[in-house]
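A quick note: this is a predicted structure, and the numbers were derived from the prediction, not measured. Naming convention: chains lettered A, B, ... in sequence-line order (proteins, then strands); numbering from 1 in each chain.
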Amino acid sequence: MPELPEVEVVRLGLENHVAGRVIEAVEVLHPRAIRRHIPGPLDFAARLAGRTMIAARRRGKYLWVELAGADGGGEALLAHLGMSGQLLVQPSTAVDEKHLRVRVRFADGGPELRFVDQRTFGGLALSDLAEVDGTLLPLSIAHIARDPMDPRFDAEAVVRALRLRHTGIKRALLDQNLISGVGNIYADEALWRSRLHWARPTDRLSRAQGLAVVAAATEVMREALLAGGTSFDALYVNVNGQSGYFDRSLAAYGQEGEPCQRCGTAIRRDPFMNRSAYSCPRCQPRPRDARP
DNA sequence: GTTCGCACCTGAGCGC
DNA sequence: TGCGCTCAGGTGCGAA
């Protein structure tokens with residue numbers, strides 16, 4: 001599934017293939033895909049027609065394309081890929097994907113941009129841009145914290161905030177208001193690398209432990225970004241989180257029953273927030289004061 | 001204000 | 001073969 005590194009690959013693809021192009025028409029094939037655009041599909045399509053896509057940006061798992069034209073800009077096409085979303089650059093002659101939700105045609109008659117999403121957890125919306133803490137952001141994601149790839153990401157500040165929380169470390173890592181871009185997979189990997197159990201209370205974490213887990217999250221996402229950078233070619237913006245990297249490099253996530261790469265103990269899977277948490281019972285012992 | 005649980009959604013995988 | 005159940009998971013909302 002698309003995680004921060006895959007979203008960054010998509011951002012690069014958009015930057016290369018749609019920046020500078022003028023939108024001719026937009027077709028919404030499934031209204032749920034633009035459910036966060038409150039005025040609805042007709043307004044969405046009408047406001048995009050004639051606009052120029054300028055530059056692609058990203059924060060955490062959100063990405064957006066700044067728009068020019070019509071009313072002079074100050075607005076962005078915001079996208080979240082959810083669990084199964086893809087933004088594909090396809091020739092207009094290509095057969096429609098089974099789960100094609102939104103189609104963007106360009107005035108130059110070149111390849112079109114398609115939003116494809118099987119589970120419809122993702123979506124597109126138009127959002128005004130505003131300066132938030134020194135960065136131009138779509139207003140609707142002003143609450144999303146900086147991600148570890150952000151040059152202005154402040155690990156010390158994140159750890160200070162983390163230690164003020166009264167919850168489990170994994171739950172905190174998944175809170176996009178605290179640190180963005182970390183999903184279930186990278187949370188498990190970061191905790192395995194820093195030898196912390198997922199239910200470790202954040203308020204019992206030392207500063208060093210906090211910095212270690214944030215550094216591990218940064219490191220694992222950087223490695224994934226390097227591995228994911230190959231899934232893109234000239235006409236196809238491939239957003240496939242299951243490609244390459246995950247099968248080869250994951251130490252904890254999805255490895256139930258497999259030997260831990262450090263100590264050989266079988267990785268275990270625990271129910272966590274209606275999903276799963278994977279950990280090594282020896283390297284990451286469950287604390288007595290665990291918080292689920 | 002903070003924390004937690006749940007709905008949303010679709011298809012794959014599994015057991016019967 | 002076909003049916004029904006479970007699981008996957010990011011986000012936002014409502015409840016506590």
May I ask you to list the residues of residues 160-168 of chain A, by number, that have any heavy atom positioned under 4.0 Å from an atom of DNA chain C?
none
Please determine, for the side chain of A/His143, which listed nucleotide (C/dG10, C/dG12, B/dC8) has the closest atom?
C/dG12
Nearest to the side chain of A/His30 - C/dA8, B/dT10, C/dT11?
B/dT10
Please check if the side chain of A/Gln176 supplies one atom and the backbone of A/Gly181 the other of a donor-acceptor pair under 3.5 Å.
yes
Could you go step by step and tell me if A/Phe272 and A/Leu174 meet the side-chain contact (heavy atoms from CB on, under 4.5 Å) rule?
CA-CA 12 Å; A/Phe272 168 79; A/Leu174 295 176; 3.7 Å; yes
Phosphate oxygens OP1/OP2 of C/dT11: is one of them under 4.0 Å from a side-chain N or O of A/Arg36?
no
Let me check the geometry of the helix from B/dT2-C/dA16 to B/dC16-C/dG2. What is the bend angle between the axes at its two ends, five pairs each, to 10°?
50°
Listed nucleotide nearest any side-chain atom of A/Arg269, set C/dT11, C/dC7, B/dT10
C/dC7
Are A/Glu97 and A/Gln90 close enough that a side-chain donor and a side-chain acceptor fall under 3.5 Å?
yes
Rounding to an integer number of Å, can you tell me how far A/Asn274 CG sits from C/dC7 C1'?
11 Å
Under 4.0 Å: is that the gap between some side-chain N or O of A/Arg35 and OP1 or OP2 of C/dT11?
no
With a 4.0 Å cut-off on heavy atoms, is A/Tyr62 in touch with a base, just the backbone sugar-phosphate, or nothing at all?
sugar-phosphate
Under-4.0 Å side-chain N/O to phosphate OP1/OP2 contact, A/His99 with B/dG11:
yes
Hey, does the side chain of A/Lys61 come within less than 4.0 Å of C/dT11's phosphate (OP1/OP2), counting only N and O?
yes
